[in-house]
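Data first, discussion second: the structure below is written as structure tokens.
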2 protein chains.
Amino acid sequence: MSKEFFTIGALLYKDYDLIDVNATLRLLGSLKDNFNIITITQTGEHVKSYTPQVANYINYNFENCPDFDILFIPGGIGTKYELENPVFLDFIKERAPRVKYVLTVCTGSGLVAKTGLLDGKKATTNKQFWDWMTSNGPNVLWVKKARWVVDGKFYTSSGVSAGMDMALGFISDVFGREAADEIAITAEYEWHDNPHWDPFAERIFGKNI
Amino acid sequence: MSKEFFTIGALLYKDYDLIDVNATLRLLGSLKDNFNIITITQTGEHVKSYTPQVANYINYNFENCPDFDILFIPGGIGTKYELENPVFLDFIKERAPRVKYVLTVCTGSGLVAKTGLLDGKKATTNKQFWDWMTSNGPNVLWVKKARWVVDGKFYTSSGVSAGMDMALGFISDVFGREAADEIAITAEYEWHDNPHWDPFAERIFGKNI
């Protein structure tokens with residue numbers, strides 16, 4: 001097992017998706033000796049997710065947030081507010097170049113695309129908001145049918161539960177296949193280990209995409 | 001769509017599992033007009049999950065917690081502490097008879113079993129801790145191979161991600177199959193809609209259970 005140690009900075013915002021954040025981080029954080037996780041919002045407020053009244057506890061705001069190794073950005077309905085929030089987008093623009101990896105789930109990739117950092121790179125996003133999300137990055141090489149996509153240090157996933165498969169894909173890439181399989185079994189989770197598996201894209205775009 | 005409205009009381013404790021809580025509640029809470037969710041710990045402390053440093057924001061303690069309609073109990077490594085905590089077990093014993101449904105994920109059913117409330121009822125639990133968990137309820141009719149089990153008002157699921165399938169099963173039972181399918185698709189989640197699907201049980205107990 002790799003001895004690499006990563007601090008993940010999870011960037012949350014009002015009306016984020018609970019699964020995007022917690023299911024993805026739970027699978028990554030299964031390697032307790034290899035990850036630490038900090039949660040961040042713009043003001044440090046414990047913003048609510050889109051699930052009625054449920055929220056994560058937040059550790060830092062944009063001012064007092066320490067360095068981290070992985071920038072993690074979930075999706076959610078609230079993406080629509082942050083796409084128009086220059087302070088939020090500037091935080092991504094300032095931090096992303098300094099981290100080893102950027103991981104996004106669902107519409108989270110739309111936020112990174114809006115900063116221009118995904119220009120010329122392959123990425124994917126939520127299937128139901130495809131036109132809207134991809135319009136934020138006209139120069140991104142968007143992949144329609146993909147559970148998740150890797151391009152350099154950027155890992156982007158499809159909607160919501162796709163973050164779980166991407167998390168295991170990341171574990172497999174960095175720590176080895178055996179580690180990913182072990183986590184999936186312990187979580188009684190049927191891992192879709194093929195990043196090209198995507199029945200939800202076929203549902204929306206047809207079989208011949 | 002049913003007009004039923006439920007407040008879920010989610011009972012958390014130190015070293016709970018993030019997926020058990022947030023993935024399950026996210027799928028239930030997709031019906032925003034039908035659910036409200038409150039989070040509870042013994043002292044109201046924002047206890048940490050078993051994932052390094054990540055926690056949910058907590059709304060109530062055992063003293064000031066209002067009535068709710070569904071008692072939700074996740075699993076997690078921390079179950080081992082609460083099995084020896086009479087205050088925690090008494091809270092379950094006091095509240096469970098007053099609610100319409102009790103939903104548990106993973107080792108959460110071990111905690112309910114310990115109170116005696118599952119005696120004579122069918123239930124399931126985490127496969128990896130099967131002997132330990134089932135020993136807390138020798139008079140429970142434990143089902144080895146099951147993604148989730150329903151007996152009266154008790155819904156119990158297998159380990160961790162099984163809570164997601166149970167959540168959609170509950171939605172299907174109460175609000176109809178169409179509602180459950182819609183939530184699964186929106187979350188780009190491949191729902192295991194058959195409660196008897198359980199490759200993890202077969203892995204541990206063999207094919208002929």
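- With a threshold of 4.5 angstrom between heavy atoms, T24(B) does not approach chain A through any atom at all.
- For Y13(A) and Y81(A), the ring centers are positioned 6.0 Å apart or more.
- No other option in I8(A), V54(A), I19(A), T39(A) has as many heavy-atom pairs under 4.5 Å with chain B as I19(A).
- Proximity to chain A (any heavy atom under 4.5 Å) is shown, for D165(B), by neither the backbone nor the side chain.
- Of the two parts of D20(A), neither the backbone nor the side chain holds a non-hydrogen atom closer than 4.5 Å to a non-hydrogen atom of chain B.
- Among N126(A), I58(A), I37(A), the residue with the largest count of heavy-atom pairs under 4.5 Å with chain B is I37(A).
- F200(A) does not carry K127(A) over the face of its six-membered ring by the limits of under 6.0 Å from the centre and within 45° of the normal.
- Looking at Y16(A) and L18(A), their side chains come closer than 4.5 Å, going by heavy atoms from C-beta outward.
- Test F72(A), F170(A), W148(A) against Y155(A) for ring-ring contact (aromatic ring centres under 6.0 Å, His included) and you get one pass: F170(A).
- Comparing D198(B), T186(B), N22(B), N36(B) by how many heavy-atom pairs each has under 4.5 Å with chain A, the most go to N22(B).
- For Y189(B), the parts lying under 4.5 angstrom from a heavy atom of chain A are both the backbone and the side chain.
- The aromatic rings of F91(B) and F62(B) lie parallel to each other, with less than 30° between the two planes, well short of the 60° mark.
- The most heavy-atom pairs under 4.5 Å with chain A, out of K48(B), R147(B), E190(B), come from E190(B).
- The candidate with the highest count of non-hydrogen atom pairs below 4.5 Å against chain A, out of I38(B), L27(B), N56(B), is N56(B).
- Between T156(B) and S109(B), the side chains place no donor N or O within less than 3.5 Å of an acceptor N or O (distance only, hydrogens not considered).
- Checked for salt-bridge contact, D193(A) and R177(A) meet the test: a charged N lies under 4.0 Å from a carboxylate O.
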